[in-house]
Amino acid sequence: MESPFTLGRRRLLQGSLLGGSGLLSACATTESESFARLPAIRARTDRIFDIAVCLRPFRAAGPRLDTERLGDTLVVHNYGHGGSGWSLSWGSSAIAVAKAMQASPPEIAVIGCGVLGLTSAILAQRAGARVTIYASEQLPTTRSYRATGAWTPDSRIALADAAGPGFEALWAGMARTSYKTHREYLGLPGAPVEWTDYYSVSADETPPAASPPTSPPPLDFADYGRDISDLVPKARRLPPEAAPFRAKAVFQNELMIFNIANYGHMLLGDFFTAGGQFRHADFHSPAEIAALGKRVVINCTGYGARKLWRDETVTPVRGQICRLIPQADVHYGLGYKRVFVVPRRDGIVVQDVSGGDMKGYGDANETIDRSESDRAVTTLAELFTAPRWRGTPFVA
């Protein structure tokens, strides 16, 4: 049985939603172990300093990694990774760069400066090519920068019945390559990548209300975590006396996270240090890309590919996060009552994930909803007050 912590956010929250049934309990153990008391997260709405909305580019068949010709220009596509862009970035970009380098071009153009664009550019440089990134914005203002920052390599990556017969193996290869490369950033200054404890807290709660008639029917999103179950530890159920929270069940594991501000800064630095060039460009059609006159182009435009390439297979999946002021002593994530918490160094991420993988599906609205984040933080605060919290009481 695979570890749920190799999967998307739906399984990270499984313990808090299923109360110890299903997958989490299957791979949990109950050995008694003494855990230090955790520092409380100061979950107050007045400590929210940032709210961001990201449109994840979902394709039912999985990411687009094929090639096409625009006159004399070979275009290699590398977009459509759903909620797995950061997690799969190195593996997906390795595939794209291998295709781009088959003709040994001395120079490659990369369109887009999100995480897929930057990892494609860096890998092309390592393969010996000169690289110029063409984009309307650099990483800190892209949608990539608004991601949650957790290792969730099959988060909305494809639909089980739409992905091709070879896609699962392709995905596993991307996930393993990415995981191996992310490890190279562990222990570096600024902690661009790090491991953190993760607690899934089950609570007796009212089942969610039925979806309104206007909601899209649930989709069968692909679930491939079993293929990489050897990469991460398995979850374990803590005995009540060892759990930091009083709840129906508490599961503990470790989670790889990306401190996006530091990771992104490092990627940009690596690209420019290796001689990379950035050119501001806002393309409106593939013909404008062909007009660059480059032999090889890697297209990493994410959700923008829907308009630029008129790719109607790209579906927006709206996701909103808020960040609480960082706490230097907080090094654990949480799943509780459909709230997902990632303890990034650049702000403690709190995300409402009610509705599961269907939340935000087909919604291209990037307007911030302050009430959504306030509700998530208020729900999180419950964990740090009696009777849930076993440490020093949290004062709201």
Side-chain angles (χ1 to χ4, degrees), residues 6 56-70 73-105 107-129 131 133 135 144 147 151-159 162-185 222 224-225 227-228 231 258 267 270-271 274 276 289 294-305 308-309 311 313-314:
T6 64
R56 308 174 188 91
F58 173 76
R59 298 180 76 246
R64 187 177 181 187
L65 291 167
D66 62 345
T67 65
E68 67 174 289
R69 283 278 177 184
L70 296 176
T73 300
L74 173 68
V75 178
V76 182
H77 295 292
N78 188 17
Y79 68 84
H81 297 75
S84 303
W86 280 88
S87 298
L88 293 178
S89 56
W90 292 107
S92 182
S93 294
I95 292 172
V97 170
K99 293 180 179 181
M101 293 300 296
Q102 285 180 355
S104 301
E107 182 181 10
I108 286 178
V110 173
I111 311 301
C113 197
V115 65
L116 274 302
L118 276 172
T119 51
S120 292
I122 291 169
L123 290 174
Q125 288 175 322
R126 294 176 183 175
V131 181
I133 293 177
S144 285
W151 162 257
T152 55
D154 71 346
S155 174
R156 298 183 183 91
I157 191 61
L159 293 183
F167 179 70
E168 182 172 351
L170 180 72
W171 172 87
M174 289 191 290
R176 289 182 180 277
T177 298
S178 295
Y179 180 83
K180 181 179 180 180
T181 308
H182 288 313
R183 290 186 319 193
E184 297 173 4
Y185 290 85
Y224 299 138
D227 297 330
I228 57 170
L231 293 183
F258 312 125
L267 293 177
D270 289 348
F271 171 68
I289 294 174
K294 305 297 183 182
R295 286 178 55 193
V296 179
V297 171
I298 304 178
N299 171 33
C300 304
T301 47
Y303 181 69
L308 176 60
W309 240 264
D311 186 351
T313 69
V314 177

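Note that the numbering runs from 1 along the sequence shown for the chain.
- In this structure, Gln125 has no side chain to side chain donor-acceptor pair (under 3.5 Å) partners at least two apart in sequence or on a different chain.
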(message) For Arg69 and Leu74: C-alpha separation, side-chain torsions, deciding distance, then whether side-chain contact (heavy atoms from CB on, under 4.5 Å) applies.
(response) CA-CA 5 Å; Arg69 283 278 177 184; Leu74 173 68; 3.9 Å; yes
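- Among Ser92, Ser87, Ser155, the one residue that satisfies the side-chain hydrogen bond (donor to acceptor under 3.5 Å, both in side chains) test with His81 is Ser92.
- Qualifying salt bridge (charged side-chain N to carboxylate O under 4.0 Å, His left out) partners for Asp66, counting only residues two or more places apart in sequence or in other chains: Arg64.
- For the atom pair OG1 of Thr73 and CZ of Arg295, the computed distance is 10.5 Å after rounding to the nearest 0.5 Å.
- When the side-chain contact (heavy atoms from CB on, under 4.5 Å) test is applied to Thr301, the partners found at least two apart in sequence or on another chain are Ile111, Asn299, Ala305, Leu308.
- Listed for the Tyr79 side chain is no donor-acceptor partner under 3.5 Å among the backbone atoms of Pro57.
- Residues passing the side-chain contact (heavy atoms from CB on, under 4.5 Å) test with Ala100, sequence neighbours excluded: Val76, Ile108, Val296, Ile298.
- Applying the side chain to side chain donor-acceptor pair (under 3.5 Å) criterion to Arg176, with sequence neighbours excluded, gives Asp230.
- Across every non-hydrogen atom of Ser120 and Asn78, the tightest pair is OG-ND2, 3.1 Å.
- The nearest pair of heavy atoms linking Leu267 to Ile122 is O-CD1, 3.6 Å.
- Once rounded to the nearest 0.5 Å, the distance linking CE of Met174 with CD1 of Ile228 reads 11.0 Å.
- Ala94 approaches Leu123 most closely through the heavy-atom pair N-CD1, 3.6 Å.
- Side chains of Ser89 and Thr119: a donor-acceptor N/O pair is absent below 3.5 angstrom, by distance only.
- The two residues Gly225 and Asp154 make their nearest non-hydrogen contact at N-OD2, 3.6 Å.
- Annotation: side chain of Pro153 is in contact with side chain of Trp171 (closest heavy-atom distance under 4.5 Å).
- Under the side chain to side chain donor-acceptor pair (under 3.5 Å) criterion, Thr313 pairs with Arg59, Asp311, sequence neighbours left out.
- Among all heavy-atom pairs drawn from Ile157 and Ala222, the shortest one is CG2-CB, 4.5 Å.
- Considering only heavy atoms from C-beta on, Lys99 comes within 4.5 Å of Leu65 through its side chain.
- Taking Ala163 as the reference, Ala158, Phe167, Tyr224 meet the side-chain contact (heavy atoms from CB on, under 4.5 Å) condition, with sequence neighbours excluded.
- For the pair Ser178 (side chain) and Leu88 (backbone), a donor-acceptor distance under 3.5 Å is present.
- Aromatic ring pairs are classed by plane angle as parallel below 30°, tilted from 30° to 60° and perpendicular above 60°; the pair His182 and Phe258 is tilted.
- Evaluation of the side-chain contact (heavy atoms from CB on, under 4.5 Å) rule for Ala169 yields no partner, not counting sequence neighbours.
- Residues meeting the salt bridge (charged side-chain N to carboxylate O under 4.0 Å, His left out) test with Lys294, sequence neighbours left out: Glu107.
- Rounded to the nearest 0.5 Å, atoms CZ (Arg126) and CG (Asp270) are 7.0 Å apart.
- Taking Trp90 as the reference, Tyr263 meet the side chain to side chain donor-acceptor pair (under 3.5 Å) condition, with sequence neighbours excluded.
- The two residues Leu116 and Cys300 make their nearest non-hydrogen contact at O-SG, 3.7 Å.
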